[in-house]
There are 2 protein chains.
Amino acid sequence: MSINDIAKHLKVSKSTVSLVINGKAEQGRISQSLAKRILDYVEEIGYKPNALAKSLATGKSHTIGLIVENIGDSFFGPIALYIEEKLRQYGYHVFYSSTLGNQDNANEILNMMLEKKVEGIILSPTLGQKSPIEKILKKKLPLVLFDRRVEGVEANYVGTDNYVASKNAVQHLFDNGFSRIGFITIESSQPQMLDRLKGYEDVVSDNSVESIIIKLPYQSSIDEFTLKIQSMFKTYPNMDALYFSTNYLCVKTLKILQNINYTNKFGMVAFDDHDLFELYTPTITCVSQPLEELALKAVNSIISQLKENTGEVEEFIIPSKLIIRDSTKK
Amino acid sequence: MSINDIAKHLKVSKSTVSLVINGKAEQGRISQSLAKRILDYVEEIGYKPNALAKSLATGKSHTIGLIVENIGDSFFGPIALYIEEKLRQYGYHVFYSSTLGNQDNANEILNMMLEKKVEGIILSPTLGQKSPIEKILKKKLPLVLFDRRVEGVEANYVGTDNYVASKNAVQHLFDNGFSRIGFITIESSQPQMLDRLKGYEDVVSDNSVESIIIKLPYQSSIDEFTLKIQSMFKTYPNMDALYFSTNYLCVKTLKILQNINYTNKFGMVAFDDHDLFELYTPTITCVSQPLEELALKAVNSIISQLKENTGEVEEFIIPSKLIIRDSTKK
DNA sequence: AAATTTTGCAAAACCGGTTTTGCAATTGAA
DNA sequence: TTCAATTGCAAAACCGGTTTTGCAAAATTT
């Protein structure tokens with residue numbers, strides 16, 4: 001059932017129907033009686049306008065694109081929910097997609113969203129998205145980068161202070177008597193990861209000890225992971241603490257330690273909290289990003305750009321909290 | 001830049017441009033030379049067609065709606081990722097939304113998706129969606145219900161065998177010497193929850209012991225939760241095991257037990273696995289749904305309906321696995 | 001050389017809406 | 001009573017595409 005069908009059935013013009021349906025009867029000088037007749041019929045047949053046609057005509061899709069690395073993970077999943085809820089309050093819906101860190105995926109997704117005429121984009125960029133992002137900026141399409149920046153791009157950004165949080169976390173280990181701290185991270189040049197790495201390196205160097213770093217491929221198999229961890233233990237037998245650049249690396253490592261029945265105890269800190277950390281024995285100290293606040297700022301930024309895009313760039317750095325648990329008590 | 005602009009600039013008609021862009025130059029009998037000229041220009045200016053207009057004209061949005069309860073949770077999140085990945089292989093994108101179990105939300109979301117002309121819907125229904133779902137079926141829009149059924153509705157369905165899995169889980173507790181088993185669930189008449197409940201009740205009654213059930217509101221505060229749990233312990237002091245209808249209830253309960261410093265040990269089984277369960281002390285036995293397979297079946301069902309919707313109804317019941325861990329060893 | 005086919009493209013109709021414009025009929029003012 | 005203003009709606013133009021149809025001009029056939 002289209003607006004044409006309604007018009008034909010009621011023997012009026014479709015412009016009249018459109019005006020009435022959109023509450024512009026007054027403005028279109030449609031008589032109350034005709035308006036009622038139309039509304040009644042619309043109600044009767046349960047007519048719902050075709051949103052594609054509507055968007056095409058009005059230029060408004062009421063949709064925001066959300067591009068994350070992995071909707072299934074314990075950081076992006078909850079964030080996505082918050083973002084969805086908050087955007088709903090403003091009448092916007094979410095079109096999401098996961099890049100899995102893959103640049104080709106990411107660019108394809110971005111294009112798709114632009115073609116679908118999203119009105120704004122919340123993006124956790126992968127590497128190599130500089131030029132696509134610049135295109136978006138040129139179009140003055142509302143954009144906010146999320147969780148990670150892109151080097152050399154001036155865009156709105158929401159994230160935590162990875163460097164400072166990382167420094168605090170590692171210093172906390174030193175303060176509690178750990179000194180041979182291994183850093184487990186992924187092979188990634190993503191800025192937030194580099195910041196966390198730099199935080200580690202700086203503190204380690206401030207404390208004049210050697211840095212111990214292992215980098216794992218983005219999606220390494222459990223076997224590969226296990227081998228790397230084991231060789232790390234062998235190479236640095238007096239290592240007394242582990243610092244993880246992100247929570248799932250810690251979870252994976254714990255599983256491995258359990259599998260290989262490794263009994264040495266380490267001080268431990270992970271970046272990003274996880275259900276597990278509050279309940280594991282020992283409970284695990286972590287850097288906790290305020291997920292809801294991050295989501296809120298991202299949405300606010302999009303909404304304000306939607307109202308008026310001055311092109312002015314704002315950065316929201318939301319401090320993380322170090323949640324101190326048993327894993328850093330000697 | 002629209003197709004009209006291209007046509008004007010090249011002084012050709014937009015139909016010609018459209019045919020060429022869509023690889024139908026042959027069929028439209030456009031000369032190779034003109035086709036090349038058009039393609040070159042399209043390339044040069046980086047033209048991307050407006051997907052809304054395209055969808056409106058072709059009737060194809062290449063989008064599937066995915067409606068889950070909560071994209072942020074450890075069941076739906078990973079499933080959503082699988083679904084997205086698999087649909088991508090078929091050239092479909094995902095429009096998702098979370099209902100949070102709220103019926104009004106759910107129906108609004110459903111309408112929005114219909115208006116946006118998704119070509120199919122993967123739906124974890126809330127209660128009271130019978131009639132909206134029937135509307136979808138009448139339209140012959142590809143649909144697959146996911147994780148939970150709707151009473152009295154004959155629709156494609158993908159889910160696990162909640163009743164059988166639940167029975168096995170509870171029986172496993174009895175087999176291992178537990179006999180006073182409390183069941184912790186949410187106040188919900190969702191079919192999958194009722195099946196899990198029935199599984200519990202039947203096994204408890206088979207073993208001629210009293211059933212102990214507490215039902216919590218869908219999103220209960222931690223305080224409310226704590227009170228209910230404590231009163232359960234008081235009322236049933238000789239309770240020796242807990243069975244949870246879903247994983248986050250178990251996680252929450254563990255946190256509470258830790259908070260209130262409760263030292264009694266229980267046998268434990270949860271429905272749905274969780275990272276925590278493999279690493280908690282003791283490791284926790286659970287019913288594990290094969291997430292990837294569930295996602296795969298749902299996608300396959302949609303794809304096959306997309307090819308040809310015979311209206312034939314299929315149900316895919318994917319068996320769950322009981323993963324036995326330490327929490328059920330006495 | 002005339003008739004027929006084929007080629008190459010433009011024009012038009014359509015998808016389902018919104019919004020501006022235009023015009024007859026009614027009402028109000030002079 | 002005549003002219004102007006207002007009312008009430010239809011018609012048309014537009015959003016940006018796709019697809020069918022139509023029609024010269026060129027190429028073949030007869």
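The sequence lines fix the lettering, A, B, ..., with proteins before strands; numbering per chain opens at 1.
Each of B:Arg29 and B:Ala53 has a nearest nucleotide on DNA chain D; the 5'-most of these lies closest to B:Ala53.
A sub-4.0 Å separation between OP1 or OP2 of C:dC9 and a side-chain N or O of B:Ser31 is present. Put simply, B:Tyr47 has a side-chain N or O that comes within less than 4.0 Å of OP1 or OP2 on D:dG17. Between A:Lys54 and C:dG16 there is no side-chain N or O to OP1 or OP2 distance below 4.0 Å. The phosphate of C:dG17 (OP1 or OP2) has no side-chain N or O of A:Ser18 nearer than 4.0 angstrom. For A:Asn22, a side-chain nitrogen or oxygen approaches OP1 or OP2 of C:dT18 to under 4.0 Å. At the phosphate of C:dT19, OP1 or OP2 sits under 4.0 Å from a side-chain N or O atom of A:Lys24. When the side-chain nitrogen and oxygen atoms of A:Ser15 are compared with OP1 and OP2 of D:dC9, none of them lie within a distance under 4.0 Å. Distances shorter than 4.0 Å separate none of the side-chain N or O atoms of B:Ser13 from OP1 or OP2 on C:dC9.
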**Message:** Run A:Lys86 and A:Glu292 through salt bridge (Lys or Arg N to Asp or Glu O under 4.0 Å) and show every step you take.
**Reply:** CA-CA 10 Å; A:Lys86 304 209 185 288; A:Glu292 187 165 4; 3.3 Å; yes

**Request:** Let me see the working for B:Arg88 and A:Glu108 under salt bridge (Lys or Arg N to Asp or Glu O under 4.0 Å), right down to the final yes or no.
**Result:** CA-CA 11 Å; B:Arg88 198 203 310 274; A:Glu108 198 189 314; 5.5 Å; no

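Between B:Glu115 and A:Lys54 there is no salt bridge, since none of the side-chain N atoms of the basic residue sits less than 4.0 Å from a carboxylate O of the acidic one.
The side chain of A:Leu34 approaches D:dC9 more closely than any other nucleotide in the set D:dC9, C:dA10, D:dG16. Closest to the side chain of B:Val12, out of D:dC15, C:dT19, C:dA10, is C:dA10.
Among the atoms of the strands shown, base atoms are found under 4.0 Å from some heavy atom of A:Gly28.
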